[in-house]
Amino acid sequence: MFFLIYLRRELLRRKRQTIVGALGLAVGIGLVLTVTMAAAGVKKAQADVLHALYGIGTDITVTAAAPPPPKLGSSEGASQGFSPGQGSQHVDVLGLPPGLGPLDATAVESVSHLPGVSAAAGGLLLRDTQLDVPTVQEQSTPGWRPSQKNLGVTFTVIGVDPGRTSLGPFASAQLSSGRSFVAGDTGDDVAVVDSGYATANGVATGSTVTVAGTKFHVIGIVQQSQGGGAADVYIPLARAQALAAFQGLPSLTGRVDTIYVSADSASHIGAVRNAIAKVLPTATVTSSSSLADAVSGSLAGAASLASNLGRWLAVGSLAAAFAVSSLMTVSAVSRRVREIGTLKALGWNTRRIISQLLGESLVTGLIGAVLGVGIGLGGGLLVRRLAPALSATVAQNPGAKIPENVRIDDTGMHHEAAAGGSHTIAVHLTAPVTLTAIGLAVVLGVGGGLLAGMFGGWRAARLRPATAMTRVA
Amino acid sequence: MYTLTGVTRTYRKDNATVTALSSVDLVIEDGDWLAVQGPTGHGKTTLLQILGGLDRPSSGRVTVDGRDLATLREADIAAIRAASIGFVFQTFNLIPTLSALENVEAALVPLRISTADRRRRATQALESVGLADRSGHLPSELSGGQQQRVGIARALVKQPRLLLADEPTGNLDEQTRDEIIALLENVWHDRGLTLVLITHDPAIAARAHRVAQMRNGRLTVRSGQARTHQ
Ligand SMILES: Nc1ncnc2c1ncn2[C@@H]1O[C@H](COP(=O)(O)OP(=O)(O)OP(=O)(O)O)[C@@H](O)[C@H]1O
Ligand SMILES: [Mg+2]
């Protein structure tokens, strides 16, 4: 076809013009791709945060906010404090972490029957605090300072339903020694310990850990792939419920504090979230997209960077690239006035001439798209190489603020995050290459080419055919 | 057959009005061989543009075989040019990125003939101007005379009824000029072409059957009467 011959000749014999035109578009497209990929990376990092907290396979979690603290002087309030006495006292209490409240276990069943839910499991995320209350005599010794044991040692405990280990944080734990829970463990004092905690505290398979004053036999050591370490110690849910106490409740039997939900497809997550919120109106329902709003730390900064600055930068450079390539085509048409006039004299109608010009700029746009994908891939690599490790901090109940402790000393009032009230997870920012991103590049290249070609064609259509005869080149 | 009655073409440039053609009356019979002479800037090219439908008169009427050009749409005029009018330009106007053969082929593109046919006819046209061995050359690789012969092959390949040539030898030396004119006369003679040729050159005008003079946009036919092929 003559169309293709002419097209090829124009592009190959005006190489510099073709390359400059394609490169201009490519830079714009490459930037858009990089930003798109980085934004996808941020999204993936947010999903990683959810999975680190709640386990791979969990799409949605349900938590409840803590009820208001008991009034001072009430009988419940009295049990919160420890008064030094004559003899030494050791305290070991298992309770909910700050900010988290109990949910009725029947909610797990009702959630699991909602449409779009493929599975739901209840879990009990707890905090164990052990401390030695100093005696009155110790405290009155001159120069006495509280030791770490006096201030309290805490670790996190998760009650796992041994019959449903495929959901929740325990699901993504990799067994590194010993064995995992089996259905028969339900009522036994057995524990699986996170490798990080085990190493720090000299725990191994066969030894014991003490939770709420009860010795648990360690049957296995697990490792969390995300390194976040959702919990230090996992014990059977029924035992955790029996041993935990909360604001005057002697035990948490029949209660959980987190429900892990998996949806039957990613596209149903939003609908399932809404359905759960209807069934449990006071609970916090979290998915990876809503978690993003609850995250603080450098991940949140990266997310807003990607969505604000990055987007404007990309849109701006793309607009500039489109404008430059349109201007280039228009000026190319002006330089080819005589050629276009000659074609008209040969009997080419305006439509044929415009399609020829459009074809040229379309192919230039496609070359720009290919180069742009290259630039985008390079940009993605750069993001992966240069991105600092990000951290995300989320409240145990993502619907609430991170709970604070207020400490007053002679320099004034200090706010600090309550121990165990939040999770901090390290995530790595990636820039995944997706088919959508490649498709976007092609669309932008074609769009840029079409736009430029339309301007060029418009210019060509307005040329008087008589220009073929003008003497000036 | 062309009939021009009271054809006037004015250009407005800023506030001044230039009258390039001033009520030109002209009849061109099929098979005519008309040379147009005249000083520079006096409207010769403008006349040719109007004959070729590249430009429209400001006033007056142009009819081709009884059809008024003013009633035809741009695309229809393009189709007439594609089928039956050949142009030869003073500055050759070959498309710089296309080879000699492809330049000739470009004239056949609007006729929608098969690729093989197009190539065959273009090759023949190049042969007839003695450039068969240069078909793959780019215009920049050809001499001025060779470029103009490619231009003539391009104008003749569609076997037009009318050939409009705007100073086709103006940029060529005398020997090449004579070759080119001989070539055009042969085609005129063999194919029953209508030939309208603009020239400054008295030697060329002397060979035409009719000579017209352009002066200040006015056309006067100076010599000869419409004469067709023997
Ligand atoms: N597009 C245009 N706009 C304004 N004026 C024009 C335009 N084209 C031609 N003219 C004017 O019309 C007049 C006739 O021009 P034309 O090109 O027909 O002259 P010509 O006889 O062909 O001259 P030459 O022998 O130099 O080619 C000139 O004065 C020219 O300046
Ligand atoms: Mg002229």
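We name chains A, B, ... by the order of the sequence lines, and we start the count at 1 in each one.
Taking each heavy atom of Phe87(B) and Ala345(A) in turn, the nearest pair found is CD1-O, 3.5 Å. The nearest pair of heavy atoms linking Pro96(B) to Arg14(A) is CG-NH2, 4.0 Å. Minimum heavy-atom separation, Leu346(A) to Lys158(B): O-NZ, 3.5 Å.
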Kindly list each side-chain donor-acceptor pair under 3.5 angstrom involving residues 28-36 of chain A, sequence neighbours excluded, with atom names and distances?
unit_1   : atom_1 : unit_2   : atom_2 : d
Thr34(A) : OG1    : Gly30(A) : O      : 2.8
Thr36(A) : OG1    : Val32(A) : O      : 2.6

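Within 6.0 Å of OH in Tyr2(B) there are more than 12 heavy atoms belonging to other residues, nucleotides or ligands. Surrounding CG of Leu435(A) are at most 12 heavy atoms belonging to other residues, nucleotides or ligands under 6.0 Å away. Other residues, nucleotides and ligands place more than 12 heavy atoms under 6.0 Å from the CZ atom of Arg13(A).
In this structure, the separation between CD1 on Ile77(B) and CG on Asn349(A) is 12.5 Å, given to the nearest 0.5 Å. Within the model, atoms CZ of Arg351(A) and CD of Glu74(B) stand 14.0 Å from one another, a figure rounded to the nearest 0.5 Å.
Looking at Tyr6(A), the atoms closer than 4.5 Å to chain B (heavy atoms on both sides) sit in the backbone and in the side chain alike. Arg119(B) touches chain A through its side chain: at least one heavy atom from C-beta onward sits under 4.5 Å away, while N, CA, C and O do not.
For a heavy-atom cut-off of 4.5 Å, chain A lies close to Leu98(B), Ser99(B), Glu102(B), Glu105(B), Ala106(B), Ala107(B), Val109(B), Pro110(B), Arg112(B) in residues 98-113 of chain B.
Results of the side-chain hydrogen bond (donor to acceptor under 3.5 Å, both in side chains) test with Thr97(B) over Glu10(A), Arg8(A), Glu339(A), Arg336(A) single out Glu10(A) as the only residue that passes.
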Applying side-chain contact (heavy atoms from CB on, under 4.5 Å) to Arg9(A) and Ile95(B), what does each step give before you reach the verdict? CA-CA 10 Å; Arg9(A) 297 279 188 265; Ile95(B) 290 156; over 6 Å; no
